[in-house]
Amino acid sequence: MFPKKTMVAAGAIILIVLNGIVFSFNYIRKSSFQAAAVETALFFVSPVQEIVTGMIDTGEGIWHQYFYMVDAARENQKLRRDLARARQRIHELTEMEKTNERLKRLVDFNAGSALEMQAAEVVAKDPSPWYHTVIINKGRAHGVKRANPVVVPDGVVGQVIDLSERYAKVLLIIDRNSAVDALVQRTRARGVSIGSADQGCRFEFVLRKQDIEVGDQIITSGLDGIYPKGLRLGWVSKVIRRNSGIFQEIQITPNVNFHKLEEVLVVLDPPEIDEVLDQ
């Protein structure tokens, strides 16, 4: 047996069809056959056409919505590309501004010095934690020689220890193999600045009786025949005077930030030792 709901639905459909047929025959008797046929066709076809038309309209709406979403997605991608280019341009301009500021300091420092200097860019750094050297993009072709001092407005960087036509290697003052004859600017006490393992310097061979305090500026003496006199090396960050021994233990914090070293100046004509002694 069929379910009750199915039988009720089938009966309703049959009644609708019979009513349609009866209506059609009654209408045929009252009008011409051709008109009745048209009306009958409209009676059955119109609902179907209405459904089909609704489906087409819905499909067209979905199709237009799809294209709208595609256009919106393309516009969104274009805006993202434009934003990325704008951000990159801002980054480039910011970097150019910072570079110009650094170069201006170098130019001003060079202009205010009687020394002949050659600007250079740091292009590589020694990756080893045991050695502190950098490579600059100036060499023999630019007048650079071994033992030429390398400086920045903040102070001494180091000296050239090796070079080629276009490049040179610079030994930094914080390397353990570096030694600079120096003195305390305030008291004129002499010593030697030697690189240490903590990327600072030690001020060696300073007698215990010498007056040295934390914060004193250490400068080059010019007596080593390499560095011109009066260049800043660093400031005293620690002083230890032991009860025994003839020397003090002094630590120096360099004026130069070697982590941010990008452009330098090579001194091409450092004064000879005889010139320094005559001063």
Side-chain angles (χ1 to χ4, degrees), residues 95 98-182 192-202 204 218-234 252 254-277:
E95 189 63 23
K98 292 183 178 297
T99 301
N100 289 336
E101 290 175 357
R102 294 194 305 271
L103 293 178
K104 184 178 184 302
R105 290 191 65 204
L106 289 179
V107 171
D108 293 343
F109 178 71
N110 192 4
S113 174
L115 300 171
E116 181 185 357
M117 301 185 188
Q118 170 67 60
E121 182 180 358
V122 176
V123 295
K125 294 183 179 182
D126 196 322
S128 171
W130 305 106
Y131 301 99
H132 299 291
T133 61
V134 296
I135 304 297
I136 59 175
N137 63 349
K138 294 294 188 294
R140 278 196 218 80
H142 308 91
V144 178
K145 301 176 182 178
R146 283 187 177 86
N148 278 165
V150 179
V151 299
V152 292
D154 291 330
V156 178
V157 172
Q159 63 171 300
V160 175
I161 58 173
D162 201 1
L163 73 164
S164 64
E165 284 298 308
R166 299 290 178 181
Y167 298 93
K169 178 183 284 189
V170 178
L171 180 71
L172 305 181
I173 62 170
I174 58 175
D175 189 278
R176 291 178 296 175
N177 297 311
S178 173
V180 183
D181 197 284
V192 178
S193 174
I194 300 176
S196 61
D198 59 355
Q199 297 195 14
C201 298
R202 303 188 314 274
E204 299 281 0
I218 308 298
I219 61 174
T220 56
S221 68
L223 298 178
D224 51 19
I226 297 176
Y227 298 97
K229 184 178 181 179
L231 298 178
R232 294 189 300 168
L233 284 167
I252 301 175
N255 288 104
V256 177
N257 186 342
F258 292 98
H259 294 292
K260 297 182 179 180
L261 197 62
E262 297 184 61
E263 295 90 15
V264 298
L265 291 169
V266 182
V267 181
L268 301 179
D269 61 340
E272 300 293 337
I273 184 66
D274 293 337
E275 298 178 19
V276 176
L277 292 175

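Both backbone and side-chain heavy atoms feed into the values below; hydrogens, waters and symmetry mates do not. None of the values given here were measured: they were computed from a predicted structure.
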When you compare the side chain of [Y] with that of [X], does any pair of heavy atoms fall below 4.5 Å?
X	Y	value
H259	Q199	yes
V266	N148	yes
V264	V151	no
D154	N257	no

* **Worked check of side-chain contact (heavy atoms from CB on, under 4.5 Å) between Y131 and R176** => CA-CA 8 Å; Y131 301 99; R176 291 178 296 175; 5.8 Å; no
* Sequence neighbours left out, what passes side chain to side chain contact (heavy atoms under 4.5 Å, CB included) with D181? Give chain and number order. =>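 By the side chain to side chain contact (heavy atoms under 4.5 Å, CB included) rule, D181 matches R190, S221, L223, D224.
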* Asked: Around K125, counting heavy atoms of other residues, nucleotides and ligands shown, do more than 12 lie under 6.0 Å from its NZ?
  ->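 Buried by this count: over 12 neighbours within 6.0 Å.
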Would a distance-only check, ignoring hydrogens and angles, find a side-chain to backbone donor-acceptor pair under 3.5 Å from [X] to [Y]?
X	Y	value
D126	H132	no
S178	I194	no
R232	N255	no

* Given L231 and I219, is the side-chain contact (heavy atoms from CB on, under 4.5 Å) satisfied, shown in steps? -> CA-CA 5 Å; L231 298 178; I219 61 174; over 6 Å; no
Nearest atoms (heavy-atom pairs only) where [X] meets [Y]:
X	Y	answer
S196	C201	OG-N, 3.6 Å
A182	I218	CB-CG2, 3.7 Å
M117	L265	SD-CD1, 3.6 Å
Q118	L268	CB-CD1, 3.9 Å
I226	P149	O-CG, 2.9 Å

* **Pair V256-L261, side-chain contact (heavy atoms from CB on, under 4.5 Å): steps then yes or no** => CA-CA 8 Å; V256 177; L261 197 62; 4.1 Å; yes
Show every donor-acceptor pair shorter than 3.5 Å between a side-chain atom in residues 155-174 and any protein atom, with sequence neighbours excluded, or say none if there are none.
unit_1, atom_1, unit_2, atom_2, d
D162, OD1, R146, NH2, 3.0
S164, OG, Y167, N, 3.2
S164, OG, Y167, O, 3.4

